[in-house]
A.B. asks: 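One structure, pasted below without further comment.
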Amino acid sequence: AHSHTAIDGGVNEGSNNTTSEVRIADVTDPDDISIYRELAGGLTAANQLHGSANSIGGQNQVIKLKWGVTGDALRFPEAPPGIKFALGENPKRSNFGGGGQAEPRYPATRMGVAESIRERFMAAQQYMKDHESFDKLKPKDQARRVPPRRDLQLEALVEILQGKRLVHSHCYRQDEILMLIRLAEEFGFKIATFQHVLEGFKVADEIARHGAGGSTFSDWWAYKLEAWDAIPFNGSLMTQRGVVVSFNSDSDELARRMNHEAAKAMRYGD
């Protein structure tokens, strides 16, 4: 449910806070040896996701794992399109900067992350309204006007508002999970999955009520501050509260051993 396998040329377009115009499908690499290794480990499909450098990241690509084929042959055309969002330390850049690693970029706080997402959806609402108003004009009236400018970034967000594109959001803490639920409900769409969602057990009722899934780790924690409160019972507790739960690897190496992740889920919570 959360893979960076077979993505060529870098997983993050970190230059801007919103990069919904970029597409993983443009850089799918069928020669990545990780595909071969993951097939050997029993994996059959993967949700290729953009990285977590942006509050609103790039468009995903679901692939059917095959070896010795073209990039187009990997694509799963029936899969609903999605997009990567990210909350917390990564988009606010607290894991970056210093030593010339990255230039300062808005947002720098969790409240900035929330507002950066809200502002783009407000822009998408206006973009949708402008195009709908123009399309309703009679041909002779359209000929007298300049049509609204096409914006690939906002088009992807309009698809979310229309229920045509699923949101997969990187997150850790309960406060930011609740924030995105409230923001989604403010604009009338649902989050498809909270990815990693290590404090999901604290707000499992709210996640279930919203209708989002939880794609978590079996036992990864304490690798950064916001992952500090993670527990190995997270997946089990969310399941008990009615959340549809999956386990993800994030890592190409761990993706070879998802059977181990399933076994640990059984060990921690039966």
Side-chain angles (χ1 to χ4, degrees), residues 1-8 11 24-25 27-52 57 60-69 71 73-76 78-86 90 166-172 177 191-201 204 207-208 212-224 227 230-270:
H2 186 123
S3 177
H4 303 304
T5 292
I7 297 174
D8 188 32
V11 71
I24 292 299
V27 290
T28 298
D29 176 15
D31 296 324
D32 186 344
I33 192 62
S34 294
I35 296 175
Y36 185 91
R37 293 167 177 164
E38 289 167 20
L39 281 165
L43 211 63
T44 62
N47 182 22
Q48 293 177 304
L49 290 176
H50 190 272
S52 54
N60 77 328
Q61 177 66 45
V62 178
I63 59 173
K64 181 76 172 176
L65 296 181
K66 301 175 184 179
W67 187 247
V69 300
L74 290 177
R75 293 171 187 162
F76 207 127
E78 297 85 0
I83 190 169
K84 175 72 176 290
F85 279 30
N90 289 18
L166 305 179
V167 173
H168 303 286
S169 182
H170 163 114
C171 65
Y172 290 93
I177 295 167
I191 307 301
T193 60
F194 285 103
Q195 299 278 340
H196 309 325
V197 65
L198 295 188
E199 291 189 18
F201 66 97
I207 296 172
S215 174
T216 190
F217 294 133
S218 65
D219 61 354
W220 281 17
W221 54 67
Y223 46 86
K224 57 180 178 176
I231 60 173
F233 307 97
N234 185 41
S236 178
L237 290 172
M238 286 195 294
T239 299
Q240 290 171 23
R241 305 306 292 188
V243 179
V244 176
V245 173
S246 62
F247 287 84
N248 75 67
S249 65
D250 204 343
S251 156
D252 288 354
E253 282 301 302
L254 190 62
R256 301 165 62 188
R257 304 177 180 87
M258 292 307 294
N259 57 330
H260 292 185
E261 299 305 287
K264 285 186 281 188
M266 294 298 295
R267 169 66 180 83
Y268 294 121
D270 198 23

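All of these numbers come straight from a predicted model, not from anything done at the bench.
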A.B. asks: Pairs of donor and acceptor atoms involving the side chains of residues 62-69, under 3.5 Å and at least two apart or interchain, shall be tabulated with distances.
C.D. replies:
from, atom 1, to, atom 2, distance (Å)
Lys66, NZ, Ala73, O, 3.4

A.B. asks: Report the residues that fulfil side-chain contact (heavy atoms from CB on, under 4.5 Å) with Ala86, sequence neighbours left out, ordered by chain and then residue number.
C.D. replies: Ser52, Pro91, His170
A.B. asks: List in chain and number order the residues that pass ring-ring contact (aromatic ring centres under 6.0 Å, His included) with Phe201, two or more places apart in sequence or in another chain; answer none if no residue qualifies.
C.D. replies: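 Here no residue qualifies.
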A.B. asks: Using only heavy-atom distances, determine whether the side chains of Asp252 and His4 contain a donor-acceptor pair under 3.5 Å.
C.D. replies: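 No, because no side-chain N or O of Asp252 sits under 3.5 Å from a partner of the opposite role on His4.
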A.B. asks: Please confirm whether the backbone N or O of Asn60 pairs with a side-chain atom of Asn47, one donor and one acceptor, at under 3.5 Å?
C.D. replies: no
A.B. asks: If I take atom NE2 from residue His2 and atom CG from residue Asp250, how far apart are they, to the nearest 0.5 angstrom?
C.D. replies: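 If we round to the nearest 0.5 Å, His2:NE2 and Asp250:CG are 4.0 Å apart.
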A.B. asks: Tell me the closest heavy-atom pair linking Glu199 and Asn234, and the distance in Å.
C.D. replies: C-OD1, 4.5 Å
A.B. asks: Using side-chain contact (heavy atoms from CB on, under 4.5 Å) as the criterion, list what pairs up with Ala208, not counting sequence neighbours.
C.D. replies: Val243
A.B. asks: Please report the interatomic distance OG1(Thr44) to CZ(Phe76), rounded to the nearest 0.5 Å.
C.D. replies: 8.5 Å
A.B. asks: Can you name the nearest heavy-atom pair linking Met258 to Phe247, along with the distance?
C.D. replies: CE-O, 3.2 Å
A.B. asks: Name all residues meeting the salt bridge (charged side-chain N to carboxylate O under 4.0 Å, His left out) criterion together with Arg256; count only those two or more places apart in sequence or in a different chain, and write none if there are none.
C.D. replies: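 Arg256: salt bridge (charged side-chain N to carboxylate O under 4.0 Å, His left out) contacts with Glu253.
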A.B. asks: Under 3.5 Å, which donor-acceptor pairs do the side chains of residues 261-270 form with other protein atoms, sequence neighbours left out?
C.D. replies:
from, atom 1, to, atom 2, distance (Å)
Glu261, OE1, Ser218, OG, 2.5
Glu261, OE2, Lys264, NZ, 2.9
Lys264, NZ, Asp219, OD1, 3.1
Lys264, NZ, Asp219, OD2, 3.3

A.B. asks: Mind checking side chain to side chain donor-acceptor pair (under 3.5 Å) for Arg241 and listing every partner two or more places apart, or none if nothing turns up?
C.D. replies: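 Listed in chain order: Asp205.
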A.B. asks: With sequence neighbours excluded, what pairs up with Glu38 under the salt bridge (charged side-chain N to carboxylate O under 4.0 Å, His left out) test?
C.D. replies: none
A.B. asks: Over all heavy atoms of both residues, which pair between Ile177 and Cys171 is shortest? Give the atoms and the distance, please.
C.D. replies: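 Closest approach of Ile177 to Cys171, heavy atoms only: CG1-SG, 3.7 Å.
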A.B. asks: Going by side-chain contact (heavy atoms from CB on, under 4.5 Å), name the residues that satisfy it together with Asp29, two or more places apart in sequence or in a different chain.
C.D. replies: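 Testing Asp29 for side-chain contact (heavy atoms from CB on, under 4.5 Å), a comparison that skips the adjacent residues, returns Asp8, Asp31, Asp32.
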A.B. asks: Would you indicate whether the side-chain heavy atoms of Arg37 and Thr5 approach each other to under 4.5 Å?
C.D. replies: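 No, their side chains stay 4.5 Å or more apart.
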A.B. asks: To the nearest 0.5 Å, what is the distance between CD on Gln48 and OG1 on Thr28?
C.D. replies: 4.0 Å
A.B. asks: Side chains of Phe217 and His196: does their closest heavy-atom pair fall under 4.5 Å?
C.D. replies: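 Side chain of Phe217 against side chain of His196, heavy atoms only: contact under 4.5 Å found.
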A.B. asks: Kindly write out the residues that satisfy side-chain contact (heavy atoms from CB on, under 4.5 Å) with Thr193, not counting sequence neighbours, or none if the list is empty.
C.D. replies: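 Residues passing side-chain contact (heavy atoms from CB on, under 4.5 Å) with Thr193: His168, Gln195.
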A.B. asks: According to side chain to side chain donor-acceptor pair (under 3.5 Å), who are the partners of Ser249, at least two apart in sequence or on a separate chain?
C.D. replies: none
A.B. asks: Just to verify, what does Gln61 make a side chain to side chain donor-acceptor pair (under 3.5 Å) with, not counting sequence neighbours?
C.D. replies: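 Partners of Gln61 under the side chain to side chain donor-acceptor pair (under 3.5 Å) test: none.
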